[in-house]
Amino acid sequence: MVAEDRHESPYTFQEKIWRLLWAIMQATFFRFSFHTWNRWRIFLLRSYGASVDESCIIRRTVKIECPWNLTMGKNSCLGDGAIVYCLGKITIGERVTVSQYAHLCAGMHDYTKTEMPLIRPPIIICDDVWLATDSFVGPNVTVGEWSILGARGVAMRDLDPHTIYAGNPAVIIKKRAS
């Protein structure tokens, strides 16, 4: 019988501890905070290394993995049930709306290698973007300023500025007036 190859974890011991501590914090103090306590949730995120402007709105039902990889600009919002999977850096610009149940996924496996190692490409959401309900933005995607990704749209490649997209995969619907 051949011994099974052991895969090394992509996470350092320190990162494993931080992820565990954040999971406990998110499941308690973050999740059960009052609906209007945005500054409290921002404080908790900042205490775990996130860079979030104090004007942001972050709903208590948001799920954020590795908050130390999250940056959010002024007047941006993470809606109810949004998933912000920050294995890699996720940068959200100013005046961005990430609607309820939207999913930002900055992590994937390199399927070209037999061991399928975890890779962590970034996501960049530029200013004045709207990611509508249940939309998905994959790893290594930049969403251009003033663009919209419609409900349940899937962006697996960069989205042009001033453009409205919808569908899976996302296709151009029309240009957006600025």
Side-chain angles (χ1 to χ4, degrees), residues 26 30-31 33-46 48-109 111 119-178:
Q26 183 168 227
F30 189 96
R31 175 69 173 92
S33 60
F34 288 109
H35 175 74
T36 57
W37 284 16
N38 289 299
R39 289 195 180 193
W40 169 249
R41 290 186 288 276
I42 290 167
F43 167 77
L44 293 175
L45 286 166
R46 285 178 174 176
Y48 279 82
S51 176
V52 179
D53 190 82
E54 66 183 26
S55 63
C56 290
I57 295 173
I58 304 194
R59 302 299 293 237
R60 63 190 187 93
T61 55
V62 168
K63 293 179 184 169
I64 299 171
E65 189 73 27
C66 303
W68 47 90
N69 287 328
L70 176 63
T71 300
M72 288 181 72
K74 293 178 182 177
N75 300 308
S76 289
C77 174
L78 295 175
D80 279 311
I83 299 170
V84 185
Y85 199 56
C86 303
L87 298 186
K89 299 279 185 194
I90 294 182
T91 303
I92 298 171
E94 296 183 2
R95 299 169 304 281
V96 171
T97 298
V98 178
S99 293
Q100 62 272 25
Y101 307 109
H103 189 154
L104 307 179
C105 181
M108 61 189 239
H109 294 274
Y111 65 87
I119 55 177
R120 307 172 195 196
I123 293 174
I124 299 170
I125 311 295
C126 296
D127 296 343
D128 303 297
V129 166
W130 176 25
L131 302 175
T133 300
D134 217 19
S135 59
F136 180 89
V137 177
N140 208 27
V141 170
T142 297
V143 180
E145 64 183 14
W146 283 94
S147 38
I148 296 173
L149 179 59
R152 297 210 167 170
V154 176
M156 295 302 292
R157 62 176 180 80
D158 291 351
L159 302 184
D160 295 332
H162 300 273
T163 308
I164 300 171
Y165 290 84
N168 179 6
V171 294
I172 295 173
I173 302 300
K174 66 180 184 176
K175 287 294 189 180
R176 182 178 181 197
S178 48

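The model shown is predicted, which means the values in this text are computed figures rather than measured ones.
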(message) With heavy-atom distances below 4.5 Å as the criterion, would you say the side chains of Arg120 and Lys89 are in contact?
(response) no
(message) Distance check, rounded to the nearest 0.5 Å: Trp40 atom CH2 versus Ile58 atom CD1?
(response) 14.0 Å
(message) Contact between Val62 and Asp80 at the side-chain level, heavy atoms closer than 4.5 Å - yes or no?
(response) no
(message) Test your reading of the model: is there a side-chain donor-acceptor pair from Asn69 to the backbone of Cys86, 3.5 Å cut-off?
(response) yes
Show me the donor-acceptor pairs, under 3.5 Å and distance only, between side chains in residues 71-79 and residues at least two apart or in other chains.
{"from": "Ser76", "atom 1": "OG", "to": "Gly93", "atom 2": "O", "distance (Å)": "2.6"}
{"from": "Ser76", "atom 1": "OG", "to": "Arg95", "atom 2": "N", "distance (Å)": "3.3"}
{"from": "Ser76", "atom 1": "OG", "to": "Val96", "atom 2": "N", "distance (Å)": "3.0"}

(request) Write down the atom of Ile92, the atom of Leu70, and the distance for their closest heavy-atom approach. (result) CD1-CD1, 4.1 Å
(request) Taking all non-hydrogen atoms of both residues into account, name the closest pair between Asp128 and Arg176 and its distance. (result) O-NH1, 3.4 Å
(request) Determine whether the side chains of Arg41 and Ser33 contain a donor N or O and an acceptor N or O closer than 3.5 Å. (result) yes
(message) As an exercise, state the distance from CG of Asp134 to CZ of Arg152, rounded to the nearest 0.5 Å.
(response) 4.5 Å
(request) Evaluate the side-chain proximity of Asn140 to Ile123: yes if any heavy-atom separation is below 4.5 Å, no if none is. (result) no
(message) Has Asp127 got a side-chain atom pairing as donor or acceptor with Glu94's backbone, closer than 3.5 angstrom?
(response) yes
(request) Using modelled atom types only, decide if a donor and an acceptor are shared between the side chain of Arg46 and the backbone of Val52 within a distance under 3.5 Å. (result) yes
(request) Output the distance between atom CH2 (Trp37) and atom CD1 (Ile42), rounded to the nearest 0.5 Å. (result) 14.0 Å
(request) Evaluate whether atom CZ of Arg39 has more than 12 neighbouring non-hydrogen atoms of other residues, nucleotides or ligands under 6.0 angstrom away. (result) no
(message) Are the side chains of Leu149 and Phe136 in contact, using a 4.5 Å heavy-atom criterion?
(response) no
(request) Using side chain to side chain contact (heavy atoms under 4.5 Å, CB included) as the criterion, point out the one residue from Ile90, Ile124, Val143, Val98 that pairs with Val137. (result) Val143
(message) Could you check whether any side-chain heavy atom of Cys126 comes within less than 4.5 Å of a side-chain heavy atom of Thr142, counting everything from C-beta outward?
(response) yes
(request) State, yes or no, whether a side-chain contact exists between Ile172 and Tyr165 at a heavy-atom distance under 4.5 Å. (result) yes
(message) With a 3.5 Å distance limit and no angle check, can you tell me whether Ser99 reaches the backbone of Leu131 through a side-chain donor-acceptor pair?
(response) yes
(message) Keeping Thr163 on the side-chain end and Pro161 on the backbone end, is there a donor-acceptor pair under 3.5 Å?
(response) yes
(request) Give a yes or no answer on whether the side chain of Arg60 reaches the backbone of Arg31 with a donor-acceptor pair at less than 3.5 Å. (result) yes
(request) If the plane angle is over 60° it's perpendicular, under 30° parallel, otherwise tilted; pick one for Tyr85 and His103. (result) perpendicular
(message) If I compare all heavy atoms of Pro139 with all of Gly107, which pair ends up nearest, and what's the gap?
(response) CG-O, 3.6 Å
(request) Check for a donor-acceptor pair, side chain of Gln26 on one end and backbone N or O of Ile64 on the other, with a separation under 3.5 Å. (result) yes
(message) Measuring only between side-chain heavy atoms, which start at C-beta, is Ile148 closer than 4.5 Å to Val129?
(response) no
(message) As an exercise, state the distance from OG of Ser147 to CD1 of Ile164, rounded to the nearest 0.5 Å.
(response) 9.5 Å
(request) Kindly check if the number of other-residue, nucleotide or ligand heavy atoms within 6.0 Å of OH (Tyr101) is above 12? (result) no
